[in-house]
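Input: a single structure, listed below in structure tokens.
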Number of protein chains: 2
Amino acid sequence: MGAAKETLGEEQPWAEVSPDAARRLLIAAVEAFAERGYHATTTRDIAGRAGMSPAALYIHYKTKEELLHRISRLGHDKALDILRSAADGEGTPAERLSDAVRSFVRWHAGHHMTARVVQYELDALGAEHRTEIVALRRQSDAAVREIINDGVRAGDFDVPDVPGTTLAVLSLCIDVARWFNVAGRRTPDEVGATYADLVLRMVGAAPQK
Amino acid sequence: MGAAKETLGEEQPWAEVSPDAARRLLIAAVEAFAERGYHATTTRDIAGRAGMSPAALYIHYKTKEELLHRISRLGHDKALDILRSAADGEGTPAERLSDAVRSFVRWHAGHHMTARVVQYELDALGAEHRTEIVALRRQSDAAVREIINDGVRAGDFDVPDVPGTTLAVLSLCIDVARWFNVAGRRTPDEVGATYADLVLRMVGAAPQK
DNA sequence: CACTTGCCTAAGCGCTTGCTCACCTTCAGG
DNA sequence: CCTGAAGGTGAGCAAGCGCTTAGGCAAGTG
């Protein structure tokens, strides 16, 4: 249990969190929240996974909810970053949409523990923190809608209902975090490629080379 | 809070649960689990919504987990029923897939509280109950894969990766339960129609009339 | 050296949790 | 009218919860 750390690729994850003890606690919290959910996770469990006493948690975080908020905030920042840089990138709308979906899905599969917490534990946040996060999510929605609108305007896409399709595309990508399994047959790259292809079909783009 | 009951259409929901007090408790549990999640819901909350004392719950159900299991079981039975009757129906593969998605999505939107519990509180079940439910889910997967395979065999669909696309189609439909909002602009029927169209595009079927 | 600062623990407080138990009420059958 | 079953309640138990407090230790600074 908790054997395989979620190190994907070369770079150290959660490098922005310091000091070291705070980062260890946060990583432990991500694992615990992803496995059992926020409410089923105890502060003792988190501290235990990080090799500390329960009280140590409260040196670095005011409450258990603050831990969730930090995870949620960093995760949403990363997710939004991925979508925005695809939306602002060069290339045809089809290329940009394909890029967006591929990298967004790859992140959700590769960091599926983090993504699961980020995407499915929103209701556990306090009212203020939740509205802050919801604003970030609206920006993600806007980024995808932007690409789809560009494609429609350019005549490359055939989309009867842009907001509905935007919602469906994001929904499809997000749900990867729920079902993705490291022990499964598919790698994050493969899922990303498959999903990019599916989404291009959904918007009626001409098949890519 | 809890003002609008989840009565959609004419028939009485949860008619198969009796006696009446047990049904009221179950409906209260569905609402509470859907709003706050299983672990954040207390037995006192459930009993209170049903207008009873906390102890009354244990006359009709052995544990809180048994309540969740009953909900999950009935919900999965219904969902599987919908998919199977579409898979076994008449018509071309495209028509059957469209039917399956439309009715499956309509159920997820129309009964989004139940669906949310059914689809997202699986981990809260005990080990035995969970494996029972997982078996039902595999049957749902098989029903959809069957239709897609038929379409590929008939040359009506163009699907490079059948298991992957099956997974994506189900994932797309299931996630409706997460985002669907009664206060939103779309009706369950509209979402069902939109999604049926999107899925036909995903499998490369010729556009329907 | 004394003193502060950063980081940690052992112990435990006040409260809520899932669940139980002794008891009460209603009502059909003999 | 008595009885037993069905379905309910108020009080409360043991366990576990989030979080606090008092204090210990090592390192850096005057």
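The sequence lines fix the lettering, A, B, ..., with proteins before strands; numbering per chain opens at 1.
The phosphate of C:dG18 has OP1 or OP2 within less than 4.0 Å of a side-chain N or O from B:Thr43.
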Detail all sub-3.5 Å separations between protein N/O atoms and N/O atoms belonging to nucleotides 23-25 of chain C.
none

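Among residue pairs with one or both ends in residues 26-52 of chain A, those qualifying as ring pair (Phe, Tyr, Trp, His ring centres under 6.0 Å) are A:Phe33-A:Tyr38; sequence neighbours excluded. Sorted by first and then second residue, the pairs that involve residues 52-69 of chain A and meet salt bridge (charged side-chain N to carboxylate O under 4.0 Å, His left out), not counting sequence neighbours, are A:Glu66-A:Arg70. Residue pairs that meet the ring pair (Phe, Tyr, Trp, His ring centres under 6.0 Å) test with at least one member in residues 163-191 of chain A, sequence neighbours left out, are A:His112-A:Phe180. Legend: salt bridge (charged side-chain N to carboxylate O under 4.0 Å, His left out) pairs involving residues 109-127 of chain B, not counting sequence neighbours: none detected. Within the structure, the salt bridge (charged side-chain N to carboxylate O under 4.0 Å, His left out) test picks out the following pairs touching residues 130-139 of chain A (sequence neighbours left out): A:Arg73-A:Glu132.
By the side chain to side chain donor-acceptor pair (under 3.5 Å) test, A:Tyr61 is found to be paired with no residue, residues two or more places apart in sequence or in another chain being considered. With sequence neighbours excluded, no residue forms a side chain to side chain donor-acceptor pair (under 3.5 Å) with A:Asp99. Considering only residues two or more places apart in sequence or on other chains, A:Ser140 meets the side chain to side chain donor-acceptor pair (under 3.5 Å) condition with none of them. Taking the side chain to side chain donor-acceptor pair (under 3.5 Å) definition, one finds that A:Asp88 meets it with A:Arg84, sequence neighbours left out.
DNA chain C lies under 4.0 Å from at least one heavy atom of each of the following residues of residues 52-65 of chain A: A:Met52, A:Ser53, A:Ala55, A:Ala56, A:Ile59, A:His60.
Following rounding to the nearest Å, A:Arg44 (CZ) and C:dA11 (P) show an atom-to-atom distance of 14 Å.
Side chains of A:Leu198 and A:Thr194 form a contact here, defined as non-hydrogen atoms less than 4.5 Å apart.
In summary, contact between chain A and DNA chain D, defined as any nucleotide atom under 4.0 Å from a heavy atom of the protein, begins and ends at D:dC17 to D:dT21 in the 5' to 3' direction.
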